[in-house]
Amino acid sequence: GGTGFVGRALTQLLRSRGHEVSHVSRHGGKDRISWEELSHSGLPLCDAVVNLAGENVLNPFRRWGDAFCREVISSRVETTKTLAKAIADAEQPPRAWVVVTGVGYYRPSPTAEYTEDSPGGDFDFFSRLVSSWEAAALIPGSPARGVVVRSGVVLGRGGGAISQMLWPFRLGLGGPLGSGLQPFPWIHIRDLAGIVCHALESECVQGVLNGVSPSSPATSNGTFAQELAAALGRPALLPVPAWAVRAVFGAERAIMLLEGQRVVPKHTLESGYHFIFPDLSGALKDIVA
Ligand code: NDP
């Protein structure tokens, strides 16, 4: 997943800190190996492995059906299993193994607050997906330190959720989705890359870290729409009705947009990570500037 939206930001950060980075990809290129090469020849000698692979769930051009669901699952669970097996089989295993999953693990609720210790993972398609994804990452008895980062909506330039929203908002046609009251768990892309880098470099970090900003539990979808419009100097008056979101994405997938979770990055902060963009207005100013 190193060629993707988050992968490019992480690669840039790691290289700027003097690390060497290679990608596992479906497409050939410089500093890349294929999934087939990884399965046949094993893991190249390395200090750490990160999995960021995953078919884009919110691709509006893909109909939400059995074939797409299978791709969404296998691009996450099978890639994680392939990497976990390569780590388990390595003569000299890496020291750290990080998988980025999602806050879809926690049950959407307008009121409940979730930390990394909260239960979840067993109530709908996305929560069960995260459970199997994280289970695929387990390597019993491995010396590789395992870290799971459960990410919220990643906000950044040139990709992710914001790239699809910028034009309607620039034209003054943006607004909250549905009621706008649903929580909006978010993180700036530099902080998600920063948390992964922190997890790789800090020998004491292990287990689950929530990848959301500290102010994310207080952010609703409506607040997000207002802040994005303000950062662009535009109004955000036009709510997008829930039925329209369901019509474009399908009812099951629309849950990701019409409902949300209040997620607290408790272990992330306790592990010593300092957020670059703790507040939404600062994060959005950086992105749309
Ligand atoms: P991208 O959509 O940018 O894709 C990441 C990479 O995944 C791609 O560059 C591609 O690499 C690989 N990939 C895509 N489809 C497949 C497939 N069918 N089989 C194998 N590999 C595939 O993702 P992001 O960078 O936005 O996200 C990274 C990870 O973080 C994903 O797993 C995502 O689920 C998770 N996440 C992202 C959030 C977000 O808001 N962006 C929120 C929460 C979690 P290549 O073409 O080189 O093979």
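All values derive from a computational prediction rather than experimental measurement. Positions are given from 1, in the same order as the sequence printed here. Side-chain atoms are counted along with the backbone in the values below, which use heavy atoms only and exclude waters and symmetry mates. Whatever order the structure lists ligands and atoms in, that order sets their numbers, starting from 1.
In His23, neither the side chain nor the backbone holds a heavy atom less than 4.0 Å from any atom of ligand 1. Only the side chain of Trp133 comes within 4.0 Å of ligand 1, counting heavy atoms alone; its backbone N, CA, C and O stay farther away.
In plain terms, the two heavy atoms of Asp286 and Arg190 that are nearest each other are OD1-NH1, 4.4 Å. Between Pro168 and Gln164, the closest heavy-atom pair is CD-O, 3.8 Å.
Residue contacts with ligand 1: Val100 is placed with no nitrogen or oxygen under 3.5 Å of a nitrogen or oxygen of the ligand (distance criterion only). For the pair Thr79 and ligand 1, the shortest N or O to N or O distance does not fall below 3.5 Å.
Looking from atom 18 (N) of ligand 1 to the surrounding protein, the closest heavy atom is Glu55 OE1, 3.3 Å. Of all protein heavy atoms, the one lying nearest to atom 6 (C) of ligand 1 is Gly1 CA, 3.6 Å.
Heavy-atom proximity to atom 5 (C) of ligand 1, evaluated over Leu52, Thr101, Val130, Val50, is greatest for Leu52.
For the pair Val57 and Arg76, the minimum side-chain heavy-atom distance is below 4.5 Å.
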**OP:** Could you please spell out the steps behind the side-chain contact (heavy atoms from CB on, under 4.5 Å) verdict for Leu284 and Ile162?
**Re:** CA-CA 10 Å; Leu284 290 174; Ile162 280 215; 3.7 Å; yes
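Of all atoms in ligand 1, listed by their number and element, those nearer than 4.0 Å to a heavy atom of Val154 are 38 (C), 39 (C), 40 (O), 41 (N), 42 (C).
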